[in-house]
Amino acid sequence: ELQDLPREVFAVDPTSLCQTPITEVLYRCRKCRRALFRGSSILSHTEGSGPTAFARKRITDSAQLYGDGREKCTSYFTEPVQWMEPALLGVLEGQLLCPKCTSKLGSFSWRGEQCSCGRWVTPAFQIHKSRVDEVRTLPAGNFQAAKT
């Protein structure tokens, strides 16, 4: 049972006091705008074989949407972040909820989950792209003073 995890397992919560580098992308809850994770916490994976990877499930012709230019991966797979710790301890899988507004962001499974591209990711801390906003910081020099 996972009752206690070492601190090194978790990425630093972006709301903690340490500074986020100016060039790093931040991801926020779409509903309440709470910072959830940094771009450096996203784990990359090689693209799977798409609909053919879901052969055990019934895929209809209309569900094979990958030829129309849409993005295959509809989620971010991240390393665990400090705010996730209470949800992760003692269970193998469950939902990831925003720590501020409790809206559903995604799910986690220590056994792994299948990405929408078909690739199996283990362990999986999956956050749906539709539930978060990507925030890029502009360098201060790019702003021009408004003339009045």
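Just so it is clear, the structure is predicted and the values come from calculations on it, not from any experiment. Keep in mind that the numbers below use all heavy atoms, side chains included, and drop hydrogens, waters and symmetry copies.
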- Item | Set of ring pair (Phe, Tyr, Trp, His ring centres under 6.0 Å) partners for Y27, sequence neighbours left out | F37, Y76
- Task: Would you please name every residue forming a side chain to side chain donor-acceptor pair (under 3.5 Å) with S130, sequence neighbours left out?
- Result: none
- Note on the structure: Closest heavy-atom pair, Q114 versus G118, reported as atoms and distance to 0.1 Å, is NE2-O, 3.1 Å
- Query: Just how far is it from atom CE of M84 to atom CG of L96, taken to the nearest 0.5 Å?
  - Reply: 5.0 Å
- Message: If the condition is ring pair (Phe, Tyr, Trp, His ring centres under 6.0 Å), which residues does H45 pass it with, not counting sequence neighbours?
- Response: F77
- Separation between CD (E79) and CD1 (I42), nearest 0.5 Å, reads 10.0 Å
- Applying salt bridge (Lys or Arg N to Asp or Glu O under 4.0 Å), name anything that partners R30, two or more places apart in sequence or on another chain. D133
- Run the numbers on V135 and R33 for side-chain contact (heavy atoms from CB on, under 4.5 Å), then give the verdict. CA-CA 10 Å; V135 180; R33 310 292 296 146; 3.9 Å; yes
- Query: Taking all atoms of both residues into account, what is the closest heavy-atom pair of L88 and F125, and its distance?
  - Reply: CD2-CE2, 3.6 Å
- Decide yes or no on side-chain contact (heavy atoms from CB on, under 4.5 Å) for R28 and V132, but give the supporting numbers first. CA-CA 5 Å; R28 298 179 179 265; V132 294; over 6 Å; no
- Query: Would you call S116 and K72 a side-chain contact if the rule is heavy atoms closer than 4.5 Å?
  - Reply: no
- With hydrophobic residues grouped by side-chain heavy-atom distances under 4.5 Å, do V81 and L97 end up in a single group? no
Which pairs would a plain distance check flag for residues 100-109, meaning a side-chain donor or acceptor within less than 3.5 Å of a matching protein atom at least two apart in sequence or in another chain?
{"residue": "S107", "atom": "OG", "partner": "E113", "partner atom": "OE1", "Å": "3.1"}
{"residue": "S107", "atom": "OG", "partner": "E113", "partner atom": "OE2", "Å": "3.0"}
{"residue": "S109", "atom": "OG", "partner": "R111", "partner atom": "N", "Å": "3.2"}
{"residue": "S109", "atom": "OG", "partner": "G112", "partner atom": "N", "Å": "3.3"}
{"residue": "S109", "atom": "OG", "partner": "G112", "partner atom": "O", "Å": "3.4"}

- Query: Residues in side chain to side chain donor-acceptor pair (under 3.5 Å) with T122, at least two apart?
  - Reply: W120
- If two hydrophobic side chains count as joined below 4.5 Å and joins carry through other members, does L26 share a cluster with L43? no
- Test item: V121 and Q126 side chains (from C-beta on) under 4.5 Å apart, heavy atoms: no
- Item | Expected output: side-chain W83 to main-chain L36 donor-acceptor under 3.5 Å | yes
